[in-house]
Engineer: 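One structure, as structure tokens, below. Some questions next.
In what follows, every heavy atom counts, from backbone to side chain, and hydrogens, waters and symmetry copies are set aside.
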Amino acid sequence: MGRRGTWRIYLGAAPGVGKTYAMLNEGRRRAARGTDVVVGLVETHGRSRTAEQIGDLEVVPARRTHQRGARSAELDVDALLARRPEVALVDEPARANAPGSRNAHRWQDIEELLRAGIDVISTLNVQHLESLSDVVESITGVRQGETVPDAVVRRADQIELVDMTAEALRRRLAHGNVHAPDEAGAEPAGYFRTGNLSALRELALLWVADRVDEGLARYRDQHGITEPWEARERIVVALGGGPEGDALIRRAARMGARTGRADLLAVRVVRSDGLDGGSAAAPARQRALVESLNGTFHQVVGDDVATALLEFARGVNATQLVVGAGRRSGRRRIFGTGVGTAVTRRSGDFDVHIVGHQHAGDRAGAARASGPALSRRRRAAGWALAAAGPPALTGLLAGTGLEFGLVIDILSYLALTVGVALAGGLWPAVAAAVLGSLLANWFFTPPFHTLTIGDRDNALALVIFVGVAAAVASVVDLAARRSRQAAQSGAEAETLSMLATSVLRGEKALPALLERVRETFGVTSVALLERAGDGWTVLGSTGPGACTDPDRADAQARVGAGEGAERRGETVLALRGRVLPAADRRVLSAFAAQAAAALEWRRLAEEAGRARRLAEGNRIRTALLAAVSHDLRTPLASIKAGVSSLRQTDVDWDPRDEAELLATVEESADRLDGLIGNLLDMSRLQTGAVSPLTQPVSLEQVVAPALQGVPAGRVEVDVPETLPPVLADPGLLERALANVVENAVRHGAGAVTLSAAGLRTDRVEIRVADRGPGVPEAAKAQIFAPFQRLGDSPRGAGVGLGLAVARGFTEAMGGTLRAEDTPGGGLTMVFALPAATARGDGPASGDEGGGSL
């Protein structure tokens, strides 16, 4: 088999960072060294500097295809295989090939070139990585239809990051170096917001860092390197399943914060039989805590805890290991060393931190959690069998009249002892063994009917019988207990897994959780109670006859113990229907923790709603103030000037001048009347007397009226007929749109573009773009404040509510209004409104005007 080609990829966070430029520069550098380099396919996107980089490189003609009536360029794989260069430059491997091509995607063409022994240099944006496409969509709102599987990219021999700050890329965009001013480009202008670019840049950096980390791990494995390399600080926390794990995790997180950016890994070692004696609720709680601190939770199996911890730490190239102080009692320390001591002795280059906690030296909790005792019924049956079994067996052996011999008699008593152990546990079995030995001595050991033993071998046999019987009973008892414990642990694990995978979000989270508690424990009712003064308030309940006082409940668990809980008062989960055994209370504690989270989520949602209402009132008051101070003065001044001029007795007005003054007065009065109507409507909105009457509105219904006050030819409209209607108040949307368009016409240069697009299934964006001087990034938020104008420009002649009022109207309808740079220079105002189809609404009714006006 021939040599496989090498693949080098230039990875970037977004279009325009310089990937293609870097690829061509590398190609020219190799060609200058004498390497046979050809350009297979390069997408310049009209960038002159990128096209200049091709220079004298040989270009293999692309294969031209017709797709949907348009010509497209495809990579000519056959021509490249026939030319057989040393290196081929192939841009954008995520592109889909035209129907009928030999491969569905361009990256499959590259794979074919690599198999033929041709080295390939490519470019790729992080948005086209298959594993990150949904993350990119959530950040930018743009779905990527063309992706490359991560496994394919990982097979590349070299991946080099082409990095650029968000601010630098936006400057390139504003100068027209990313897309030509008249080119829409593959992405809308909103894609290039500073926040979007910063998030995409972080994704690219983290993805490349993970690949570097994988390469380092392979190198260490290939060369047998086990000692830690401190390329990145990694702190491993050893968890034992006890309550001290929470303190250890927080301590490790503080250590990581002091050292800068450190990886936090929590590991729990469980025995191979799955029975570690820890709390069933602690792992789920500690996993959530670790993940909230941006760490990861791991679980490994090993009977030697210290060895398992050290192997895990070496495997992840850890630099520090945090272990809790032992809970071993003084008597247990005599017979063996603790985990912390063993880890410290064998740690090597690790920094081992043994952290003290309030549970150090206390094994009581672990002993109580080691497993539930056998049921009372089984213990009673064991004692009854221990008391009646040996005499009954003695009567059976003596009544047959057959002399079996002392060995058979002792084996019979031993079998009985095992049966007693299976039924009632250790101590009934020991009692049965002692009683059986006495009966065997009395009836079957010479001299008979006396406790004296004449033969020394018989005495030894009875002693061995008692010892073996006790040992066998101990093993049987332990196996029975472990079996019962395993069954209960399995049930608890299943319950906790179901609880962990349930969705506890939204308005119905708390009722759903209470119903889950009632079903799990088989009780009749569950209530969540909060102390209010001397009484209790029911926050939620399910089932008939829910109690209103924890003292009347059959079982209860305290919910939460944080600062918020202390401020609000004690909160209790109260169950009625049956008394829960102690073993079930561990799972109940896990449900109580989830109830605290659901309750806190509901409280935060209520506070957020109140904050939104207050903020909405503030926005409307700001818009009212802007309208009064800015928009009312102009028509009043025009009316006063016109009337004062007409009332002058010393001036003889020409009829045409007089008609012009009267027309100005009339026009200003009409404008004033409209403004007063707007102010009255916004006053009703502020007081809550009138809400915006949102309904499905087609954009054609509001765009034409909004442009009536704009000179003809100044606005170019591009609104596709296929767009869904938006949910809005027609009158408010028309006025907000008119204010923004008038502002763009007043400050822009040339024609203003009004376009609309549906980037998401639930949102429609309306863009008003001008070619004026634009607005600095730091001033974009200020232009929506009252009394703000572009620079120091004087007040114009136009009458409008201003951008502050336009934003107030838009947000009152549930939409947003923001400012962005226009590609090539200028300012773009973006309305984002909910699409009517997202809520199942039908088309607009066609009524003219707004419902609230």
Side-chain angles (χ1 to χ4, degrees), residues 1-15 17 19-20 22-27 30 35-43 60 74-78 80-81 83-97 101-136 144-163 200 203-223 225 231 315-317:
M1 184 176 181
R3 165 189 172 274
R4 177 181 172 86
T6 61
W7 191 13
R8 181 172 186 169
I9 298 177
Y10 286 95
L11 179 70
V17 297
K19 303 179 302 299
T20 305
M23 178 186 70
L24 291 170
N25 188 48
E26 175 65 14
R30 295 194 185 191
T35 305
D36 184 15
V37 181
V38 301
V39 176
L41 187 65
V42 168
E43 305 279 357
V60 175
E74 303 289 344
L75 181 66
D76 196 336
V77 180
D78 292 327
L80 280 171
L81 292 175
R83 170 65 175 76
R84 202 166 185 80
E86 294 181 68
V87 179
L89 310 182
V90 182
D91 217 354
E92 300 183 1
R95 293 293 186 190
N97 291 332
S101 302
R102 61 192 298 166
N103 294 311
H105 298 89
R106 191 174 296 172
W107 60 265
Q108 294 171 318
D109 296 338
I110 294 174
E111 287 281 328
E112 194 168 345
L113 297 177
L114 294 173
R115 287 194 297 269
I118 301 174
D119 296 342
V120 178
I121 303 178
S122 301
T123 66
L124 185 69
N125 283 327
V126 71
Q127 69 202 52
H128 294 300
L129 288 168
E130 190 173 80
S131 64
L132 299 179
S133 60
D134 56 341
V135 181
V136 174
Q144 300 298 328
E146 299 172 330
T147 59
V148 182
D150 286 49
V152 174
V153 181
R154 287 194 182 99
R155 289 200 294 267
D157 300 272
Q158 297 181 57
I159 300 177
E160 182 173 337
L161 181 67
V162 181
D163 191 27
L200 294 175
L203 281 179
L205 289 169
L206 291 176
W207 195 89
V208 173
D210 288 340
R211 301 294 77 74
V212 173
D213 201 39
E214 290 176 1
L216 178 60
R218 285 195 301 270
Y219 179 86
R220 286 167 49 85
D221 184 62
Q222 292 168 0
H223 292 77
I225 301 172
V316 298
N317 194 22

Engineer: For the residue pair T6 and D157, what are the closest heavy atoms and their distance?
Structural biologist: CA-OD2, 3.1 Å

Engineer: Checking E26 side chain against A22 main chain: does a donor-acceptor pair fall under 3.5 Å?
Structural biologist: no

Engineer: Between the main-chain N or O of A116 and the side-chain N or O of R84, is there a donor-acceptor pair closer than 3.5 Å?
Structural biologist: yes

Engineer: Shortest non-hydrogen contact from L124 to V153?
Structural biologist: CD2-CG2, 3.9 Å

Engineer: Is the backbone N or O of Q158 less than 3.5 Å from a side-chain atom of R8, with the two atoms forming a donor-acceptor pair by type?
Structural biologist: no

Engineer: Minimum heavy-atom separation for E74 to L41, with atom names?
Structural biologist: C-CD2, 4.2 Å

Engineer: Looking at G27 and V37, what are the two nearest heavy atoms and their distance?
Structural biologist: O-CG2, 3.8 Å

Engineer: Test L203 against V136 for side chain to side chain contact (heavy atoms under 4.5 Å, CB included), laying out the working first.
Structural biologist: CA-CA 9 Å; L203 281 179; V136 174; 4.2 Å; yes

Engineer: Once you round to the nearest 0.5 Å, how far does CG of L80 lie from CD1 of I110?
Structural biologist: 10.5 Å

Engineer: Could you tell me whether the side chain of V162 reaches within less than 4.5 Å of the side chain of L11, counting heavy atoms only?
Structural biologist: no

Engineer: Examine distances only and state if a side-chain atom of D36 and a backbone atom of P85 form a donor-acceptor pair shorter than 3.5 Å.
Structural biologist: no

Engineer: Go through the steps for L161 and L205 under the test side chain to side chain contact (heavy atoms under 4.5 Å, CB included), then give the verdict.
Structural biologist: CA-CA 8 Å; L161 181 67; L205 289 169; 3.1 Å; yes

Engineer: When you measure from the side chain of T147 to the backbone N and O of E130, does any donor-acceptor pair fall under 3.5 Å?
Structural biologist: no

Engineer: From K19 NZ over to S122 OG, what is the distance, rounded to the nearest 0.5 angstrom?
Structural biologist: 12.0 Å

Engineer: Say whether, by atom type as modelled, one donor and one acceptor occur between the side chain of T123 and the main chain of T20 under 3.5 angstrom.
Structural biologist: no

Engineer: Hey, mind stepping through Y10 and I159 against side chain to side chain contact (heavy atoms under 4.5 Å, CB included) and telling me if it holds?
Structural biologist: CA-CA 6 Å; Y10 286 95; I159 300 177; over 6 Å; no

Engineer: Can you tell me if N97 and N103 form a side-chain donor-acceptor pair at under 3.5 Å?
Structural biologist: no

Engineer: With no hydrogens and no angle check, is any side-chain donor or acceptor of D119 less than 3.5 Å from a backbone partner on G5?
Structural biologist: no

Engineer: Evaluate the criterion side chain to side chain contact (heavy atoms under 4.5 Å, CB included) for residue pair V87 and V38; output intermediate values, then yes/no.
Structural biologist: CA-CA 6 Å; V87 179; V38 301; over 6 Å; no

Engineer: Report the distance from atom CG of L113 to atom CD of Q108, rounding to the nearest 0.5 Å.
Structural biologist: 12.5 Å

Engineer: Can you see which heavy atom on A14 is nearest to which on L200, and at what distance?
Structural biologist: CB-CD1, 4.5 Å

Engineer: To the nearest 0.5 Å, how far apart are CD1 in I118 and CH2 in W7?
Structural biologist: 14.5 Å

Engineer: Is it the case that the side chain of H105 and the backbone of P93 share a donor-acceptor pair, with hydrogens and angles ignored and the cut-off at 3.5 Å?
Structural biologist: no

Engineer: One thing to verify: whether E111 and R4 come together as a salt bridge, which I'm taking to mean a side-chain N less than 4.0 angstrom from a carboxylate O.
Structural biologist: yes

Engineer: Mind checking the CD1-CG spacing from I121 to D91? Nearest 0.5 Å is all I need.
Structural biologist: 11.5 Å

Engineer: Is the closest basic N to carboxylate O distance between E43 and R106 below 4.0 Å?
Structural biologist: yes

Engineer: With rounding to the nearest 0.5 Å, note down the distance linking CD1 in I9 to CE in M23.
Structural biologist: 12.0 Å

Engineer: On a heavy-atom basis, which atom in A94 and which in E146 lie closest, and how many Å separate them?
Structural biologist: O-CB, 3.2 Å

